[in-house]
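First the structure, in the form of structure tokens, and then the observations on it.
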Amino acid sequence: MTLIFHIALESLIAPAQSQGWYEPVDYAHEGFIHCSFLHQVIPTAHRHYRGQSGLVLLEIDSADLAEVKVENLSGGTERYPHIYGRLPWSAVRQVHPFGADRRITSAALSVFDTLEPVALSFMLGHWRGSECPTGHPMDGLLETANWYGKEFVSPDCVHPLLFSNGTGGLYKIAPSAAMMSLALQLPIPRNEAVKPTFGLLSSLLKTEESQARLRMMEHRGQLSATMIYDYLPINDVFRKLDDDTVLGLMDYKASPQPFFFMLRRDR
């Protein structure tokens with residue numbers, strides 16, 4: 001079963017349930033239904049639905065659909081699933097409450113809660129990271145700083161912050177409480193001009209020592225692999241998107257709002 005997701009108007013749900021099929025208001029014009037894979041839901045909401053209310057998130061089993069194409073129709077390289085034909089309501093597994101404005105974090109948590117937990121052994125290896133923007137103060141900061149991902153050598157040897165040197169090489173840095181404080185409190189620009197400054201600061205924190213541990217911990221009612229920083233009050237909780245991808249939730253004591261990111265298995 002491959003799950004795909006569609007952001008819909010709540011007002012269309014009751015008619016869809018009654019008639020046995022769903023189509024969005026722009027279906028007649030476009031001829032297909034825009035969908036997302038799970039890791040694409042929050043960025044899609046952030047780009048196209050910010051400020052809207054009265055939304056829900058449809059969780060759809062693509063195996064029950066006649067035609068789904070994974071393609072890029074608007075330029076760039078990222079591909080999205082599109083349903084060609086009306087959506088039979090029998091393919092809808094769940095309808096999740098959703099909000100794309102100030103409630104986008106709640107929406108992200110709703111998606112996170114649908115995912116399976118993962119074991120410690122699942123996380124071992126090298127992972128490439130990317131952000132899932134939800135309006136968090138840290139959105140865009142890791143990308144600007146050339147964050148690459150994480151490495152889990154063993155449950156007691158974890159390198160939580162791998163950075164790119166810009167020439168294909170990687171290096172590890174030690175997490176800094178001062179840097180975290182600045183990230184949450186200052187309006188740091190997210191553009192190319194500040195990358196050299198980030199590069200200089202991160203180079204001063206280079207280390208080869210493990211900076212975190214991996215343990216099974218309960219969060220939001222599920223026991224799952226969790227990365228615990230050695231010197232910061234931060235836990236990164238992981239849930240499974242597929243066999244090579246996880247959604248991460250950074251739970252930081254100094255910030256009531258969680259930060260979301262995604263990890264893809266690199267090697």
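These values consider heavy atoms only, across backbone and side chains, with no hydrogens, waters or symmetry-generated copies.
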Donor-acceptor contact below 3.5 Å, side chain Ser224 vs main chain Val118
yes

Once rounded to the nearest 0.5 Å, what's the spacing between atom CD of Gln257 and atom CG of Leu109?
9.5 Å

Testing the basics here: between Asp230 and Ala212, what is the closest heavy-atom pair and its distance to 0.1 Å?
OD2-N, 3.3 Å

Below 4.5 Å, heavy atoms only, C-beta onward: do Lys172 and Leu161 meet side chain to side chain?
no

Evaluate the criterion side chain to side chain contact (heavy atoms under 4.5 Å, CB included) for residue pair His219 and Asn235; output intermediate values, then yes/no.
CA-CA 10 Å; His219 186 74; Asn235 291 342; over 6 Å; no

Answer yes if Trp127 and Val153 sit in the same cluster of Ile, Leu, Val, Met, Phe, Trp and Tyr residues linked by side chain heavy atoms under 4.5 Å apart, and no otherwise.
no

Partner residues of Asp251 under the salt bridge (Lys or Arg N to Asp or Glu O under 4.0 Å) criterion, sequence neighbours left out
none

Suppose clustering is done on Ile, Leu, Val, Met, Phe, Trp and Tyr with side-chain heavy atoms closer than 4.5 Å. Which residues sit in the same group as Leu162?
Tyr148, Leu170

Evaluate side-chain hydrogen bond (donor to acceptor under 3.5 Å, both in side chains) for Gln211 paired with His159, printing each intermediate quantity in order.
CA-CA 6 Å; Gln211 300 291 317; His159 303 293; over 6 Å; no

In the single-linkage hydrophobic clustering (I, L, V, M, F, W, Y; side-chain heavy atoms under 4.5 Å), do Met216 and Leu124 co-cluster?
yes

Can you give me every donor-acceptor pair (side chain of residues 28-35, partner residue at least two apart or in another chain, under 3.5 Å) with its distance?
unit_1, atom_1, unit_2, atom_2, d
Glu30, OE1, His34, NE2, 2.7

Please list all pairs meeting ring pair (Phe, Tyr, Trp, His ring centres under 6.0 Å) that have one or both residues in residues 242-267, counting only residues at least two apart or in different chains.
His136-Phe259

Under the salt bridge (Lys or Arg N to Asp or Glu O under 4.0 Å) test, which residues partner Arg213, sequence neighbours left out?
none

Who are the side chain to side chain donor-acceptor pair (under 3.5 Å) partners of His126, not counting sequence neighbours?
Asp266, Arg267

Is there a donor-acceptor pair closer than 3.5 Å between any side-chain N or O of Thr207 and the backbone N or O of Leu205?
no

Find out if a path of hydrophobic residues (ILVMFWY) with successive side-chain heavy-atom gaps under 4.5 Å connects Val25 to Val95.
yes

Any chance you could measure Ser154, atom OG, to Leu214, atom CG, to the nearest 0.5 Å?
9.0 Å

Charged N to carboxylate O below 4.0 Å: is that the case for Glu23 and Arg86?
yes

Considering non-hydrogen atoms only, spot the tightest contact between Pro81 and Ile4 and give its length.
CG-CG2, 3.8 Å

Is a salt bridge present between Arg239 and Glu116, judged by a nitrogen-to-oxygen distance below 4.0 Å?
no

Tell me every residue that passes ring-ring contact (aromatic ring centres under 6.0 Å, His included) with Tyr231, counting only those two or more places apart in sequence or in another chain.
none

Do the charged groups of Arg93 and Asp64 touch, with an N to O distance under 4.0 Å?
yes

Each residue besides Met217 in its hydrophobic cluster should be listed here, by chain and number; the cluster joins Ile, Leu, Val, Met, Phe, Trp and Tyr at side-chain heavy-atom distances under 4.5 Å.
Ile228

Are His82 and Glu71 close enough that a side-chain donor and a side-chain acceptor fall under 3.5 Å?
yes

When every non-hydrogen atom of Ser210 is compared with those of Val158, the smallest separation belongs to OG-N, 3.0 Å

ring-ring contact (aromatic ring centres under 6.0 Å, His included) filter on Phe5, not counting sequence neighbours, yields none

Side chain to side chain, Leu223 and Pro117, heavy atoms closer than 4.5 Å
no

Does some side-chain heavy atom of Leu241 sit less than 4.5 Å from a side-chain heavy atom of Val246?
no

Does a side-chain heavy-atom distance below 4.5 Å link Ser74 with Asn72?
yes

Check this for me: does any side-chain nitrogen of one of Asp243 and Arg265 sit under 4.0 Å from a carboxylate oxygen of the other?
no

So Thr114 and Glu59, do their side chains get closer than 4.5 Å, heavy atoms only?
yes

Would you say Gln94's side chain and Leu58's backbone share a donor-acceptor pair under 3.5 angstrom?
no

Tell me whether the count of non-hydrogen atoms from other residues, nucleotides or ligands lying under 6.0 Å of CD in Glu78 goes above 12.
yes

Assess whether side chain to side chain contact (heavy atoms under 4.5 Å, CB included) is satisfied between Leu115 and Leu247, documenting all intermediate values.
CA-CA 9 Å; Leu115 302 178; Leu247 183 64; 3.8 Å; yes

Between Arg215 and Asp156, does at least one N-O distance fall below 4.0 Å, as a salt bridge requires?
yes

Quick one: are Ile60 and Ile83 in side-chain contact, heavy atoms under 4.5 Å?
yes

Side-chain donor-acceptor pairs of residues 8-21 under 3.5 Å, sequence neighbours excluded:
unit_1, atom_1, unit_2, atom_2, d
Gln19, NE2, Trp21, O, 3.1

Could you tell me which residues satisfy side-chain contact (heavy atoms from CB on, under 4.5 Å) with Ser36, sequence neighbours excluded, listed by chain and number?
Gln40, Val41, Thr44, Tyr80

Run the side chain to side chain contact (heavy atoms under 4.5 Å, CB included) check on Met262 and Glu131 step by step: do they pass?
CA-CA 6 Å; Met262 189 172 66; Glu131 298 184 30; over 6 Å; no

Quick check on the hydrophobic clustering: are Val70 and Tyr84 connected, directly or via other members, by side-chain heavy-atom contacts under 4.5 Å?
no

For Val56 and His96, run side chain to side chain contact (heavy atoms under 4.5 Å, CB included): C-alpha distance rounded to whole Å, both residues' side-chain angles, the deciding distance at 0.1 Å, then the answer.
CA-CA 6 Å; Val56 293; His96 301 282; over 6 Å; no

With the side chain counted from C-beta on, respond yes when Asp236 and Pro160 share a heavy-atom pair under 4.5 Å apart, and no when they do not.
no

Thinking salt bridges, do Asp244 and Arg264 make one under a 4.0 Å N-O criterion?
no

So do Met250 and Met138 actually touch side chain to side chain, heavy atoms under 4.5 Å?
yes

Taking ring-ring contact (aromatic ring centres under 6.0 Å, His included) as the test, write out the residues that go with Phe238, two or more places apart.
Phe152

